[in-house]
Amino acid sequence: EQLASRIDIKGLRVLELGCLEGNHSAMLHSLGAREVISIEGRPDNFLKCLVVKNAFALDRCQFLCGDLNKILPMLPGEFDLCLAMGILYHLQDPVSVIYKISELAGSLFAWSHYSTPEYPPGPIVEIKHGGRSYRGKYVGEDIRQYSSSLHESSFWLLEEDFLSVAQDAGFKNTELISKESHGHGPAFTIFAKK
């Protein structure tokens, strides 16, 4: 509802990152997306996506299995929207991925955890991209979990740095839709567009 109230999905070409079992893919399809290309890194989850695709006749959805860092550079054409729900905080370098999203898509709708000085535990460190530095914290991941990272650690950007990355990557209009206290840490929803 938050996404549909901000952009008409009908006729759009959508890139979805971390589609899990295809639930949001099905929603995008039902909202009239012209094409949905969804990337899932875990083979078990990818198989669930294929079951959902067949069960609900998602003929405009294409599911790809693999590491999005390897798939994104190979994607053809441009997208109107990138949907990144619960994926960016599972990445080792979310900064590079947000920059790549900006190269591929005109807008970004994301739900993500972010770090604060207090949470998660650990020191604030910097990662660099294009001569700029962005702060956050490294977080351990249990790669055995179906919804975790493909790597044993991920990088949670600080809230203000997350928003700065979106701006610096080219999403000049970034709206912070909501913030919440989630069981695994602070989280927010943003809609960013060029």
Side-chain angles (χ1 to χ4, degrees), residues 3 7 9 11-29 31 33-54 56 58-113 127-130 134 136 138-139 141-157 162 165-166 168-171 189-194:
L3 173 62
I7 187 171
I9 303 299
L12 298 187
R13 186 167 191 245
V14 181
L15 171 63
E16 181 188 11
L17 306 181
C19 51
L20 197 59
E21 77 289 334
N23 183 43
H24 290 122
S25 313
M27 289 182 192
L28 292 164
H29 189 275
L31 290 169
R34 173 173 50 92
E35 179 182 20
V36 179
I37 295 181
S38 300
I39 303 171
E40 174 54 48
R42 296 186 166 277
D44 289 349
N45 294 344
F46 173 71
L47 292 174
K48 293 175 189 175
C49 291
L50 297 182
V51 170
V52 168
K53 176 181 171 91
N54 288 331
F56 294 96
L58 304 180
D59 58 319
R60 297 186 312 277
C61 292
Q62 178 183 358
F63 293 96
L64 305 175
C65 184
D67 185 334
L68 64 86
N69 291 295
K70 296 176 182 175
I71 293 174
L72 287 178
M74 299 185 299
L75 291 177
E78 296 181 0
F79 295 85
D80 302 295
L81 168 69
C82 177
L83 186 72
M85 304 293 287
I87 180 72
L88 296 173
Y89 64 93
H90 283 307
L91 304 177
Q92 290 182 310
D93 185 0
V95 173
S96 293
V97 171
I98 293 169
Y99 271 84
K100 186 61 183 174
I101 290 168
S102 180
E103 292 175 18
L104 293 170
S107 58
L108 167 66
F109 189 86
W111 181 92
S112 183
H113 286 298
I127 57 175
K128 296 187 183 299
H129 184 91
Y134 301 99
Y138 283 103
V139 177
E141 294 268 358
D142 182 355
I143 60 173
R144 297 168 297 173
Q145 294 294 321
Y146 75 96
S147 61
S148 75
S149 173
L150 299 178
H151 306 282
E152 292 184 350
S153 68
S154 57
F155 190 79
W156 288 23
L157 286 158
F162 194 116
V165 172
D168 294 345
F171 294 111
T189 303
I190 65 164
F191 179 56
K193 57 186 178 179
K194 293 179 180 175

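Nearest heavy-atom pair, R60 versus A33, reported as atom, atom and distance to 0.1 Å: NE-O, 2.6 Å. Between I87 and G18, the shortest heavy-atom contact is CD1-CA, 4.0 Å. When all heavy atoms of S153 and Q92 are compared, the closest pair comes out as O-CG, 3.2 Å. Closest of all the heavy-atom pairs between S38 and E16 is OG-OE1, 2.7 Å. Contact detail for L108 and A84: the closest heavy-atom pair is CD1-CB, 4.1 Å. Between W156 and S154, the shortest heavy-atom contact is NE1-OG, 3.7 Å.
Side-chain atoms of C19 and I39, non-hydrogen and from C-beta on, never get closer than 4.5 Å to each other. Residues F171 and I190 form no side-chain contact, since every pair of their non-hydrogen atoms from C-beta on lies 4.5 Å or further apart. With contacts defined as side-chain heavy-atom distances shorter than 4.5 Å, the pair V139/Y89 does not qualify. When side chains are defined from C-beta on, H129 counts as touching S96, because their heavy atoms get closer than 4.5 Å. You'll find the side chain of I7 reaches within 4.5 Å of the side chain of I9, heavy atoms only. Residues K194 and S102 have side chains in contact (heavy-atom distance under 4.5 Å, counting atoms from C-beta outward). Between L81 and F109 there is a side-chain heavy-atom pair separated by less than 4.5 Å. Proximity of I98 to D168: side-chain heavy atoms (C-beta onward) are nowhere separated by under 4.5 Å.
Aromatic ring pairs are classed by plane angle as parallel below 30°, tilted from 30° to 60° and perpendicular above 60°; the pair F155 and Y138 is perpendicular.
For residues 88-104, the salt bridge (charged side-chain N to carboxylate O under 4.0 Å, His left out) pairs, not counting sequence neighbours, are K100-E103.
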Practice problem: Before giving the answer on side chain to side chain contact (heavy atoms under 4.5 Å, CB included), spell out for L15 and V36 the whole-Å C-alpha distance, their side-chain angles and the decisive distance to 0.1 Å. | Solution: CA-CA 6 Å; L15 171 63; V36 179; over 6 Å; no

Exercise. Could you give me the CA-CA distance, side-chain angles and deciding distance for L75 and L64, then say whether side chain to side chain contact (heavy atoms under 4.5 Å, CB included) is met?
Key: CA-CA 11 Å; L75 291 177; L64 305 175; 4.0 Å; yes

Quiz item: Given F63 and C61, is the side chain to side chain contact (heavy atoms under 4.5 Å, CB included) satisfied, shown in steps?
Solution: CA-CA 7 Å; F63 293 96; C61 292; 4.0 Å; yes

Exercise. Please test V165 against L157 for side chain to side chain contact (heavy atoms under 4.5 Å, CB included), starting from the C-alpha separation and ending with a verdict.
Key: CA-CA 9 Å; V165 172; L157 286 158; 4.2 Å; yes

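Checking L72, L83, I37, I71 one by one against L17, the side chain to side chain contact (heavy atoms under 4.5 Å, CB included) holds for a single residue, L72.
Without hydrogens or angle criteria, E40 side chain to L20 main chain gives a donor-acceptor distance under 3.5 Å.
Taking a cutoff of 4.0 Å between a charged side-chain nitrogen and a carboxylate oxygen, R13 and E35 qualify as a salt bridge.
Within a 6.0 Å radius of NZ in K53, other residues, nucleotides and ligands contribute more than 12 heavy atoms.
Between the side chains of H29 and D59, at least one donor N or O lies within less than 3.5 Å of an accepting N or O.
Scanning for ring pair (Phe, Tyr, Trp, His ring centres under 6.0 Å) contacts around Y134 gives an empty result, with sequence neighbours left out.
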